[in-house]
There are 2 protein chains.
Amino acid sequence: MIDDSLTPRAFETLERLSNLLRAQEREGGAEVGLHPVHLQALWFLGRANRYSDTPASVADYLGITRGAASTSIRVLRERDLVHERRDPDDGRVSRLSLSDAGRALLARELPPRVFENAIAALGSDAETLNRLLVQVLRGVQRHSGGRSFGICGSCSHFTVDASGTRCGLTGEPLSPPEAELLCREHEDPVNG
Amino acid sequence: MIDDSLTPRAFETLERLSNLLRAQEREGGAEVGLHPVHLQALWFLGRANRYSDTPASVADYLGITRGAASTSIRVLRERDLVHERRDPDDGRVSRLSLSDAGRALLARELPPRVFENAIAALGSDAETLNRLLVQVLRGVQRHSGGRSFGICGSCSHFTVDASGTRCGLTGEPLSPPEAELLCREHEDPVNG
DNA sequence: GCCAACTAGTTTCGACTCCAAATCACCTCT
DNA sequence: AGAGGTGATTTGGAGTCGAAACTAGTTGGC
């Protein structure tokens with residue numbers, strides 16, 4: 001067992017879990033006539049903050065084109081899983097939010113129960129797992145050019161002053177729950 | 001920070017890495033006119049042992065139907081990335097192997113360089129990461145009904161006797177390299 | 001031996017994703 | 001006001017995907 005063999009092995013396990021996750025999404029989505037991409041878009045929209053609840057963000061998050069995201073979002077709207085409203089400040093942008101039905105469907109399907117249980121069974125090791133996965137995630141994001149889509153607490157724009165927490169990029173205050181959502185403007189600190 | 005919040009967090013990171021991996025596969029495949037599923041099938045066929053190099057195994061591994069696997073494999077054959085030969089003992093089964101071109105393409109695309117580097121950057125923690133991911137993987141497989149697709153060393157059928165290592169299911173001897181490949185008959189030990 | 005049941009794989013069909021490119025609508029900067 | 005930029009959508013063509021029908025080879029019962 002040469003040390004060199006561990007890097008590919010960890011990737012292999014990750015790749016396999018990734019396939020299994022997609023298979024679960026396919027299976028769960030099939031019951032209600034949806035594809036994996038629909039569940040993934042719902043998942044993202046359920047976690048996106050107010051700067052990130054748009055079709056363009058969905059496209060960036062999933063790594064597909066805006067056109068593809070647009071057509072998939074249309075399906076979600078037609079089924080009333082997602083609501084759309086025009087942004088009052090910028091008439092071009094479409095703001096998306098989960099409907100009650102969308103939220104219910106999402107809670108039923110993601111995370112798949114088998115994943116939830118398997119991670120819960122790790123006990124306190126789940127924390128270690130997450131820490132290592134976050135390290136891999138940051139490494140990948142640093143060199144793949146895309147957006148990082150993290151939460152405010154891990155963002156270089158996040159600031160704390162006398163009046164509370166706020167986003168240094170927009171200057172707007174952030175409530176604690178808001179600061180737990182994903183942001184398309186998120187940037188990892190340089191030495192994270 | 002309640003302990004309970006760690007399970008969803010680890011899943012969230014895993015889910016994000018999964019999207020990023022797919023995005024990388026999409027990007028890399030697009031350069032040569034292939035879809036993510038094609039790269040994934042190549043990846044599996046490059047790792048499958050002699051009991052598992054068939055269209056049905058590809059379908060099981062990827063969690064798609066046999067029909068879908070069949071059409072994707074046809075694309076790979078038409079591009080001479082994969083060779084097919086009939087099984088001499090069972091005229092129904094089709095045995096698939098990577099061509100030199102397929103092997104070269106696969107080596108170029110998977111693992112994506114950014115993943116490879118990010119995991120390598122973990123150093124010795126890559127081993128811990130893999131151990132935890134394997135635990136999650138087994139937990140998921142135990143309860144999701146599918147095949148586990150592990151290697152012989154982690155299989156309950158694997159036996160060692162005076163003449164060397166062999167598979168207890170087929171009774172056939174296994175060379176050390178063969179025992180490192182993925183098997184569709186793989187079964188996790190009951191208390192793994 | 002022989003036929004039914006089964007299994008591996010393929011084909012067909014309709015629905016839908018996906019990209020690329022064109023288009024529309026709106027915003028911003030000069 | 002005009003030019004260029006940006007968010008979103010639409011269109012067209014290629015191709016995945018599941019479901020179900022179908023071909024062909026194998027196995028088991030009698």
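Per chain, numbering begins at 1; letters A, B, ... match sequence-line order. These numbers were taken from a predicted model, which means no experiment stands behind them. Hydrogens, waters and symmetry mates are skipped; everything else that's a heavy atom, side chains included, is used.
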What nucleic acid atoms does Asp87(A) come within less than 4.0 Å of, heavy atoms only: base, sugar-phosphate, or nothing? nothing
Looking only at dT16(D), dT10(C), dT10(D), the nucleotide nearest the Thr71(A) side chain is dT10(D)
Value in whole Å for how far the P atom of dT7(C) lies from CZ of Arg184(B): 12 Å
Basic-acidic side-chain contact under 4.0 Å: Asp161(B), Arg166(B): yes
Compare side-chain N and O positions of Ser72(A) against OP1 and OP2 of dC18(C) and report whether any pair is under 4.0 Å apart. yes
For the pair made of CZ in Arg95(A) and C1' in dC26(C), what is the distance, rounded to whole Å? 14 Å
Between dG25(D), dG9(C), dT9(D), which nucleotide has the shortest distance from any of its atoms to the side chain of Asp90(B)? dG25(D)
As a quick check of understanding, evaluate side chain to side chain donor-acceptor pair (under 3.5 Å) for Ser97(B) and His83(B), giving each step before the final call. CA-CA 5 Å; Ser97(B) 57; His83(B) 287 154; 4.9 Å; no
OH of Tyr51(B) to OG of Ser57(B), rounded to nearest 0.5 Å, is 12.5 Å
Please state how far atom CZ in Arg77(B) lies from atom C1' in dT10(C), giving the value in whole angstrom units. 9 Å
Which part of the nucleic acid, if any, lies within contact of Glu27(B), taking any heavy atom under 4.0 Å across all strands shown: a base, the sugar-phosphate backbone alone, or nothing? nothing
NE2 of His143(A): more than 12 outside heavy atoms within 6.0 angstrom? no
Report yes if at least one side-chain N or O of His38(A) is closer than 4.0 Å to OP1 or OP2 of dT17(C); otherwise report no. yes
What's the closest nucleotide to the side chain of Arg26(A) if the choices are dG18(D), dT9(D), dC16(C)? dG18(D)
CG of Leu62(A) versus C1' of dT17(C): gap in Å, rounded? 12 Å
For atom CG of Leu39(A) and atom C1' of dC16(C), their distance in whole Å: 15 Å
Between P of dA14(D) and CG of Leu34(B), the distance in whole Å: 16 Å
Which nucleotide sits closest to the side chain of Thr54(A): dC18(C), dG18(D), dA8(D)? dA8(D)
Nearest-Å distance, CD1 (Ile73(A)) to P (dG7(D))? 14 Å
Quick one: label Gly91(B) by what it contacts on the DNA or RNA (base, sugar-phosphate, nothing), any heavy atom closer than 4.0 Å. sugar-phosphate
Would you say His35(A) places a side-chain N or O within less than 4.0 Å of OP1 or OP2 belonging to dT16(D)? no
Students often get this wrong, so: under 4.0 angstrom with heavy atoms, is Arg22(A) touching a base, only sugar-phosphate, or nothing? nothing
Could you tell me whether Glu12(B) and Arg9(B) make a salt bridge, using a distance below 4.0 angstrom between a side-chain N and a carboxylate O? no
Quick check for you: among dA8(C), dC16(C), dG9(C), whose closest atom lies nearest to any side-chain atom of Arg66(B)? dA8(C)
Regarding dT6(D), can its base be found pairing with the side chain of Arg92(A) as donor and acceptor, where the two atoms are less than 3.5 Å apart? yes
Interatomic distance where CZ belongs to Arg85(B) and C1' belongs to dA8(C) [whole Å]: 16 Å
Map Pro88(B) and Ala69(A) onto DNA chain D by nearest heavy atom, then report which one ends up closer to the 5' terminus. Ala69(A)
Checking contacts here: which listed nucleotide (dT9(D), dT10(C), dA20(C)) is nearest the side-chain heavy atoms of Thr65(A)? dA20(C)
Out of dG18(D), dT10(C), dT16(D), minimum distance to the side chain of Glu84(B) belongs to dT10(C)
Rounding to 0.5 Å, atoms OG (Ser154(A)) and CZ (Arg138(A)) come to a distance of 5.5 Å
When Pro55(A) and Gly33(B) are each assigned the nearest nucleotide of DNA chain D, the 5'-most assignment goes to Pro55(A)
